[in-house]
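Okay, so here's the structure we're looking at.
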Amino acid sequence: MQHPTYTKEERFDAATVEQLKHHYEAILRLVGEDPAREGLVKTPERVAKAMSFLTKGYDEDPLAILRSAMFREEYKQMVLVKDIELYSMCEHHMLPFYGKAHVAYIPDGRITGLSKIARVVESFARRLQVQERLTVQIRDCIQEALSPMGVAVVIEASHMCMQMRGIEKQQSATTTSAFTGIFLSDHRTREEFMTLISHRYR
Ligand SMILES: [Zn+2]
């Protein structure tokens, strides 16, 4: 069977990195540093490349990623991918938030590759985000691509903007969730999902 393929684009666009580099040089000066100091000479370029990597999701198409690996299948039980490592950046402070995503869906004739679920999470996470929107975007993308009987997404994350700036308790984690279909209408299905993701070690 032939499925449309999705080609991943690496963005280390030289012109963008070059421009970012100059801005980071200016930032170093503004915070009181000397960009010419030995340890910092290559820092603006490194940060420029790091920032390009951390925002590479803008150049990816999560729907296309899912559609590149869709298969007809009559399986109608819950498919759960849990503990997907997640690294994102809050759009308010441009500081990292990180944690785990748990994603489940109940197929209705179509399934996707399990690794593609993780790639969808990655694609939306590698942008400036708020955790709430990230959760909903992942849910909606899977719902749109697969039209399953339901989708469930839970994200648990720690926000460096809270931890480093000491506004809230240092160890606090934020949990967000988003559901569609049977996960909304049938509380037993939702509870089964919640139980499955709360068992850290089977
Ligand atoms: Zn923040």
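Indexing begins at 1, ligand by ligand and atom by atom, following the structure's order.
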Partner of Val79 under side-chain contact (heavy atoms from CB on, under 4.5 Å), chosen from Ile117, Ile106, Leu114: Leu114
Pair Val17, Ser52 - check side-chain contact (heavy atoms from CB on, under 4.5 Å), show working. CA-CA 7 Å; Val17 167; Ser52 294; 4.0 Å; yes
Side-chain polar contacts of residues 20-32 - donor-acceptor pairs under 3.5 angstrom, sequence neighbours left out - could you list them?
unit_1: His22; atom_1: NE2; unit_2: Glu18; atom_2: OE2; d: 3.2

Atoms named by residue and atom, protein N, O or S, within reach of the Zn ion (ligand 1) (under 2.8 Å): Cys90 SG, His93 ND1, Cys161 SG
Contacts of type side-chain contact (heavy atoms from CB on, under 4.5 Å), residue Arg126, not counting sequence neighbours: Phe53, Leu54, Lys56, Tyr87, Glu122
Using salt bridge (charged side-chain N to carboxylate O under 4.0 Å, His left out) as the criterion, list what pairs up with Glu73, not counting sequence neighbours. none
Check the angle between the aromatic planes of His159 and Phe97 and answer parallel, tilted or perpendicular using the 30° and 60° thresholds. parallel
